[in-house]
Amino acid sequence: MAACFFASNAFAQECIPTRSDALGPYFVTGMPLTQNLNRFGKPGEALTVNGRILDAGAPDQAVTNARVEIWQTDGDGRYHPQNNGASSDYDDVALDLRGTVLTAGDGTYHYVTVIPGRYAPRPRHIHYRISAPGHETLVTQLYLSDTATVRTDPCRSGQFERTANGAFFNALVIYLNRD
Ligand SMILES: [Fe+2]
């Protein structure tokens, strides 16, 4: 079912490029670089996300220095803030479980956060906006791999899988379209 999981899998072709998903109402622009999204200790089970971004035009080729803007709820299903705008509109302490990471030379990225909570009617998810020179900007979302959304659309972003110890998740590869 997780057709996008392996780039070399014959089924992966149907998931290239990664599909877009809704931006949602609570995107705050201009969040600084950080690999710790939970800067102020919001509630939730610790989560480490590892992922990789590749070029949909040459799927074995990494996208380096892609800018991945991330935002999500805490374990209780609340955004901080429950609002949008620019980061400069808020006091720093009001901005949590949000941040930007860059991909390395091999297209990988990682960050630590908490497992997002549910808010009706959505399944747990993490929002992404990915921009990189020479590529179309992609707005998408990550879902836990056991959600209904993933079952109906396995190509939506890098789904993540709970590993044996429960604390680490591996995002599926995200494929960016060229401009
Ligand atoms: Fe959301």
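Values below: every heavy atom of this structure, side chains too, minus hydrogens, waters and symmetry copies. As the structure lists them, so they are numbered: ligands from 1, and atoms in each ligand from 1.
The two residues Gly99 and Met31 have their closest heavy-atom pair at CA-CB, 3.9 Å.
Through direct or indirect side-chain contacts shorter than 4.5 Å among Ile, Leu, Val, Met, Phe, Trp and Tyr, Phe40 is connected to Val93.
With sequence neighbours left out, Tyr119 forms a side-chain hydrogen bond (donor to acceptor under 3.5 Å, both in side chains) with Tyr79, His125.
No side-chain donor from either of Tyr26 and Arg78 sits under 3.5 Å from a side-chain acceptor of the other.
Between Asp92 and Arg39, at least one side-chain nitrogen of the basic residue sits less than 4.0 Å from a carboxylate oxygen of the acidic one, meeting the salt-bridge criterion.
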Exercise answer: donor-acceptor pairs, residues 55-71 side-chain atoms, under 3.5 Å, sequence neighbours excluded:
from	atom 1	to	atom 2	distance (Å)
Asp55	OD1	Gly57	N	2.8
Asp55	OD1	Arg178	NE	3.1
Asp55	OD2	Arg178	NE	2.9
Asp55	OD2	Arg178	NH2	2.9
Thr64	OG1	Gly105	O	3.2
Glu69	OE1	Arg129	NH1	3.0

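Around the Fe ion (ligand 1), the protein contributes the following N, O or S atoms under 2.8 Å, ordered by chain and number: Tyr79 OH, Tyr119 OH, His125 NE2, His127 NE2.
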